[in-house]
Structures are given as structure tokens and as C-alpha cells.
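Below: the structure, in C-alpha cells.
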Amino acid sequence: MDNYKRTLITTALPYANGPVHIGHLAGVYVPADIYARYLRMKGENVLLIGGSDEHGVPITLKAKNEGVTPQDIVDRYHGIIKKSFADFGMTFDVYSRTTTETHYETASDFFKTLYEKGEFLEKESDQYYDDEAKQFLADRYITGTCPHCGNDGAYGDQCESCGTSLNATDLKNPVSVISGSVPVIKKTKHWYLPLDKHEPFLKQWILEDHKEWKANVYGQCKSWIDQGLQPRAVSRDLDWGVPVPVEGADGKVLYVWFDAPIGYISATKELTPEWEKYWKDPESRMLHFIGKDNIVFHCIVFPSMLKAEGSFNLPENVPANEFLNLEGDKISTSRNWAVWLHEYLEEFKDQQDVLRYVLCANAPETKDNDFTWKDFQARNNNELVAILGNFVNRAMILTHKYYDGKVPALGNVVDDFDKESIAQIEVIVNKVQASLDNFRFREAIKEMMNLARLGNKYLADSEPWKLIKTDEERVKTIMNISLQITANLSVLMQPFLPFSAAKLQAMLNISGQNWETLGKTDLLSEGHEINKPELLFAKIEDETIQKQLDKLEATKTANLAASKTAEPAKENISFDEFMKMDIRVGTILSAEKVAKTKKLLKLEVDTGIDIRTVVSGIAEFFNPEDIIGKQVSILVNLAPRKIKGIESQGMILMAEDATGELVFIQPGSEIKPGSIVR
RNA sequence: GCCGAGGUAGCUCAGCUGGUUAGAGCGCAGGAUUCAUAAUCCUGAGGUCGGCGGUUCAAGCCCGCCUCUCGGUACCA
């Protein structure tokens, strides 16, 4: 869309069960803020929307664990997140949250509209119900024994011990997390968004009309659409969330993925009574800045919701980034493997721009990238300090030395080198602009730095400190041009390094520059007095970096210690219960990989009783040929189960450590197959 | 297994619809310079463009097979 009147920029809502870290920043907030600042400098009408996502089961569980209310949890993290964003220089027009009254209304109305238009499917299904607590149980609210690995702490949606996805009804010995009672199965009704119905539209809209989207975004959408879309439940049996606003939906709330993106709308509503202009006027465009984990929601699910509603615009582009790793490992909130924004802001006072610079210059735009403290230091010392800060400093110091801080006259520019250098300013500005227009932030910030390089080169080549002895008039021209480059730099820096740009403009004693002034050589008029220069960036010493590395090392040590701690013992069982299990020594006669699977091996095992087929999920750890002839322990009276079309008759016993490594439970020496293990 | 994204100099990345000796930044080596936070400027070394095969007058770019990384999905009795 070339002729839009206003731009609505949304940023992924951070989930309010933890603070914000550098991964969030590099993926979403730094580029979104740069882009918003850039548009504002161009005088465009733009809104930058953000807020905390405060519903969902993980928050209720965290609350339960800490013995506080979900509201307490989200208040805490919303507070931390909001403050750290503000201190970091995020220019949100509104930073809201999904527990506001406006949001409840908006989400509720949105649901009602779709409901009344018949855009939902209604389905009844079996679900666990806690009779004591008088409520249906979300998957995460049920624990039980994993039917696969026997782990007692499996959740209703997944066993974290073996990683299997489960249905709550698969669990053995299910227990309600809320009351500890045994839940009963009851019929419950839910509403589904029929994504399949919107498939033809999505195909056209994304695959045909938006081929310009980033390869990672387009590719993932295509992948989803090609696999065939399924209806998705939009409600859950829970009490934390936006209540489903229809008759007979007591105890049901909107599923968090349904209410969260509506948060963008409610936040806009809170900001301005003209919110509809931004969301519905065809001359407005909408951009979603997100991380790759959110591509499906923002490109397929949310657009389907908006399309079904009928009156909203769809996103013009979704410039999603990949992930940022930290020192070679995945960033993880639960493992505390992260650089937390609120901690950075305390430990690196007034150095927001350094982090903004590093995260933008090394943003995971096309693939996952790695953040290392060594790179952070190098980029600060070799680029921000040495190239940018140094150029500004030398230009200003010379001006004070020769002209007492007053801008000398440009004079007649006859020198080709001068003309060329001046022309280069505009070339660079245009490159920055073109890169930003295409959401290529890494490229844009590099071009911005090239303006400082141009300045350094201009000074080095024209050598005013030599000419001052022989040609004073010429030096005036040189210094004027150097200062004009500095002034241009102060403006061009603004979207990327807003704190330093402001500092530099204060030093230059200028203000109110916008994008249009860029590329000109009259930003500073003759005789204009500049202030004393201060250093824009400080060197970061090895000790500072070492401190951060030590901190991460400590995290690693703590995690390792935690992983060595054995799982707590399960509840006692009776001897009779134990004796129900019939475990035998068996010999593996043959083994082959099950076609089209990653983990499964099909084994023929001589159990002494018979020769039977067992399918086992061990293919990642053992080659079929290596295990033939081995003796293993096998649970022979486990009910048979079909896996990938093969009936598996029993289970090979394995020991698994915290890292997921598997080993067989084998007899200490050769023994007859069929021998009983007990 | 299937789908998607990637694999280009020591590191981080560009390479437009295939077209002359494959580029940038950082790092490294040598030189110049001293206005500047020992910063800057110039020059240079360094690449079988993941591997093999094919199409073409011509392939980093197109096709096939293989391989590694990341993500999604199926799968762990």
C-alpha cells in the first residue's frame, strides 16, 4: 500500500509471567520502536501499540504455586515490564494489558459479533470436571500417570518427563490440581473458529497477494495452509480470563490466544476515541511486529478472526524475526538463561543505546542469531566509541579549538572532494531510508554508521590540523562541512540511538530536526554556537564483560546442580500393586526403524513366553543393528497398543537421565529369556 | 518421516530476474597520521559460495540426490 494515511504498529504482547529479555527486544521491540520513530520523524501518523498478555493457564498455575492470585502475578510482571520498556526508551503510544475493563468489553463484543454471525462451530466433548471445586479442569489442571512412560506428574496436555503430547482423558489416575480429588468426565460445550472455512481466502490473501512478505513468514504460512487448517477451539473451562458472553457458558472463558490479539484493539481504544480510523479505514495500514513463534497466530488465526468479523483491516505486513540465542544456548525464562532488560538497565546505567545498537546490528532477521557479551563489548568499543563517538568528538573539539565553538562559514565549496563528501550524505540517508522501508534494520543501522565513517574519512583526508597553519579559509569550509555531517548524524541516529541522538543535539545546541532536514548542509548556520562536547559512548572494560559472563556461568552451575537432583519419590504403592506388573528378561531378535518416524524402532523380542513385537521410541539413541541380541527388561502384561499401524505388545524398560539420555535396563549377566524381574 | 527457513572469508552478514577477477563490517597483518576515548585513514592476506551430480555459452543463484543447524508437525506404551 503506497498511499496510506496512517500506520498502526502492533508489538507482540509479552506474557506476564516473567520479565522481558534481550530475545524479546531483538525480535520485536527494538525494530518496532526504530520503525515507529522513523515514521514519526517523517511526519507520518503512526501509533505504536503494546501491552501485557495476562491470561492463560501458566499464570494461574504460577499463582497457585506461590499462593497468590493470578492478578497478583500479572500486576507484578506487568509493572516490571512496563517500567523497563519505558526506561529503555520504547515509545509506545499506549502500553496496556489484557485485564482492563476495556479489554474485557472489547474481547467480549468481538466474540458476540462472531457468535451472532454464525462464525463459530459449537461442539460438545468429554472433559474432566472437579466436583468439589465445581468446575471443569483445563489440561494443565490435571495431573496423573503418563500412559507412556509411567511418570506420575504428567499434565493433561503433556508429559514433561517423556515429552509426549497427551489428551487429559489419556492420563491414568487423574487428579485435580485444584482440590486433589478425582475428577469425573462430563460433557462440555465449546466454540471453534473454523479456520478451514477461511482457507481459500487465506490462500489468496497470503500466497498470492503478499508474496513480498519475508521468506520465513511466507514459508511458514504456506506450510500451515498446505497442511490443511483445522477448526480451533476459542473457549476453555477456566475462571481466569474473559468470560464467554453467551447463555450457558458459565465457567468458560475465551482461550488466551483468542483474547490476546484483541488486546491490540482494546489498547488502541483506550488510547484514542478515533481508534476505528486506525483499525478500519482502508487508508490505514497495520503492521504486526512479532517473533517467529507468533507467525501462525498473526498471519492465519488473527486475520481469520478479523475477516470473520468483517469490518477490520488485515495486516499489511508481518515482519517477524527469528530467535536470538545467548552465548550459544537457547534463551529460556525457566532456566534463567537470559539477559533481563530490567537488570541490564541497572547494571548498565544510561547505556540503553548500546543494547539497542547491538541488538539491531545483530538482529535475527533471516535466521537465529547469537548474542555474546564479547560481541557486545566489541561493537561498543570498536564501532560506537571508535567510529561514531570519536568522529563527533574530534569535529567538535576542533571547532572549539579553532573557532571558540562558533560554526565557521561554509564559504565557497569549490573542492571536488568537498562536493563529493556532501553528496555522500544524501546517498547514505537514502540508503537508510530504503532499508527501513523494507524492514531491513540491520542494513539500515550499518548505513547509519557509514555516515560517521564518512566523517572520519573526510577529516583524515582533508587534514584541517595541518592546513590551519597555511590556509585558514579552507579550514573554515572543512570544519563547517564536518559539523554539518555531525548534525546530519545526530538526526539520522535518532530512530536507532535516541538517547545519544538527543545528547548530541544538545551538544550541538540544535533541536526540532526532522527527516526532511537530512542530507542538507545548513543544519547549523554560520556563527551558531555549539556546546562543549562530552563523550557519547564509554568504553566497556573486560572486567564488566567478565562479570556478566560469571553471572551466566553461575546460572549454568545452578541449572546443572538442579538437574542432578533426582526427582522426588512417587507415592507408596502396595506390594500387590507392584506384583501386578509382569516384567521379564527378553532378547531382542530383530530391530528395524519404523518408516516415516524419527524415534520409533520396531523390535521382535523373545520373551521366553513368546516372540512378540514391541514398538519403542528409542531410535534416536540406538542403531537397530547394534541392539540385536541384547537382553533387556520388558513389561509383558501392558495392554497392547497400536502405534503407526503396528501393534506394540509390551514395553521395553529404559532409564532416562535429566538430559533425556536413554539406556536399557539389562540383566547383569546372561540369563534365560522369560526370567522374571522383581 | 513430512513441511518451512538457513548452511557464502576467523566472526556476523550482503549478494538484484544466472553474466566480466564473489562483497561489507568486525577481527588479523603492514603502512600513514596525531585533531580525537592508543581513536582514525590507507593497503593487504584470507573463500573448492555445505557435498556430489545435472541443465546452460555461463551457476553462489536453476534442477536432482545427500548432509548439517533451527523451527513446525507426526511419532516415544
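All values below come from the heavy atoms of this structure, side chains included, with hydrogens, waters and symmetry mates left out. Just so you know, these numbers come straight off a predicted model, no measurement behind them. Chain letters run A, B, ... following the sequence lines, proteins first and then strands; every chain starts at 1.
- If you check every strand for non-hydrogen atoms under 4.0 Å, Asn381(A) touches nothing.
- Atom CZ in Phe376(A) sits about 18 Å away from atom C1' in rC11(B), given to the nearest Å.
- When heavy atoms are screened at a 4.0 angstrom cut-off, Ile387(A) is found touching the sugar-phosphate backbone but no base atom.
- Judged by a 6.0 Å distance limit and a 45° cone about the ring axis, Lys292(A) is positioned over the six-membered ring of Phe323(A).
- Between Glu473(A) and Lys476(A) there is a salt bridge, since at least one side-chain N of the basic residue sits less than 4.0 Å from a carboxylate O of the acidic one.
- Among rC76(B), rG6(B), rC70(B), the nucleotide with an atom closest to any side-chain atom of Lys367(A) is rG6(B).
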What does the 5'-to-3' dot-bracket notation of RNA chain B look like when only Watson-Crick and G-U wobble pairs under 3.5 Å count, and pairs to other strands show as |? (((((((..((((.....[...)))).(((((.......))))).....(((((..]....))))))))))))....
If you apply the rule ring pair (Phe, Tyr, Trp, His ring centres under 6.0 Å), what do you find for Phe348(A) with Phe376(A), and how did you get there? CA-CA 12 Å; Phe348(A) 292 83; Phe376(A) 172 84; 5.5 Å; yes
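- Nearest nucleotide to the side chain of Lys292(A), out of rC41(B), rC70(B), rU40(B): rC70(B).
- Evaluation of the side chain to side chain contact (heavy atoms under 4.5 Å, CB included) rule for Thr372(A) yields Glu327(A), Asp370(A), Lys374(A), Asp375(A) as partners, not counting sequence neighbours.
- For the P atoms, the distance from rC63(B) to rG6(B) is 13 Å, rounded to whole Å.
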For every nucleotide of nucleotides 27-38 of chain B, 5' to 3': is a protein heavy atom under 4.0 Å from its base (B), only from its sugar-phosphate (S), or from neither (-)? S------SBBB-
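- The gap from the P atom of rG15(B) to that of rC62(B) amounts to 13 Å, rounded to the nearest Å.
- Comparing Ser223(A) and Ala639(A), the nucleotide of RNA chain B nearest to each residue sits closer to the 5' end for Ser223(A).
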List the steps, then state whether side-chain hydrogen bond (donor to acceptor under 3.5 Å, both in side chains) holds for Asn480(A) with Gln484(A). CA-CA 6 Å; Asn480(A) 184 291; Gln484(A) 302 299 349; 3.2 Å; yes
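- If you measure from atom NZ of Lys214(A) to atom P of rA14(B), you get 10 Å, rounded to the nearest angstrom.
- Taking 4.0 angstrom as the limit, Lys457(A) places a side-chain polar atom (N or O) nearer than this to OP1 or OP2 of rC42(B).
- Whole-Å rounding puts the Ile206(A) CD1 to rG4(B) C1' distance at 14 Å.
- Rounded to whole Å, the distance from CH2 on Trp213(A) to P on rA5(B) is 15 Å.
- Across all strands shown, Glu322(A) has no heavy atoms under 4.0 Å from either base or sugar-phosphate atoms.
- What separates CG of Asn325(A) from C1' of rG6(B) is a distance of 13 Å, to the nearest Å.
- Remark: Phe664(A) pairs with Phe622(A) by the ring pair (Phe, Tyr, Trp, His ring centres under 6.0 Å) rule, at least two apart or across chains.
- Comparing the same atom, P, in rU20(B) and in rG60(B) gives a spacing of 10 Å after rounding to whole Å.
- Looking at heavy-atom distances under 4.0 Å, Val296(A) makes no contact with the nucleic acid at all.
- A distance of about 14 Å separates the P atoms of rU69(B) and rU8(B), rounded to the whole Å.
- Taking Phe499(A) as the reference, nothing meets the ring pair (Phe, Tyr, Trp, His ring centres under 6.0 Å) condition, with sequence neighbours excluded.
- Ring-centre distance between Tyr458(A) and Phe417(A): below the 6.0 Å cut-off.
- Across rG10(B) and rC49(B), the matching P atoms stand 12 Å from one another, rounded to whole Å.
- Side-chain contact between Leu489(A) and Met448(A) is present, with at least one heavy-atom pair separated by less than 4.5 Å.
- Listed by residue number, the members of residues 359-366 of chain A with any heavy atom below 4.0 angstrom from RNA chain B are Asn362(A), Thr366(A).
- We find that CG of Asn321(A) is positioned 15 Å from C1' of rG6(B), with the value rounded to whole Å.
- rC3(B) atom C1' lies 13 Å from atom CG of Leu229(A), rounded to whole Å.
- Side-chain N/O atoms of Asn321(A) and Lys214(A) include a donor and acceptor closer than 3.5 Å.
- A side-chain N or O of Gln377(A) and one of Asp542(A) form a donor-acceptor pair less than 3.5 Å apart.
- Atom P of rG54(B) sits at a distance of 26 Å from the matching atom of rG4(B), rounded to the whole Å.
- Along RNA chain B, the nucleotide closest to Asp370(A) and the one closest to Lys593(A) are compared, and the more 5′ of them pairs with Lys593(A).
- Rounded to a whole Å, the CD atom of Gln377(A) is 15 Å from the C1' atom of rC11(B).
- Checking the phosphate oxygens (OP1, OP2) of rC42(B), no side-chain nitrogen or oxygen of Arg453(A) falls inside 4.0 Å.
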Between Asn456(A) and Arg453(A), is a side-chain hydrogen bond (donor to acceptor under 3.5 Å, both in side chains) present by the stated rule, with each step listed? CA-CA 5 Å; Asn456(A) 276 320; Arg453(A) 289 177 210 281; over 6 Å; no
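- Look at the C1' atom in both rG51(B) and rC68(B): the space between them is 11 Å, to the nearest Å.
- Residues Ser633(A) and Gln666(A) bring no donor and acceptor atom of their side chains to less than 3.5 Å of each other.
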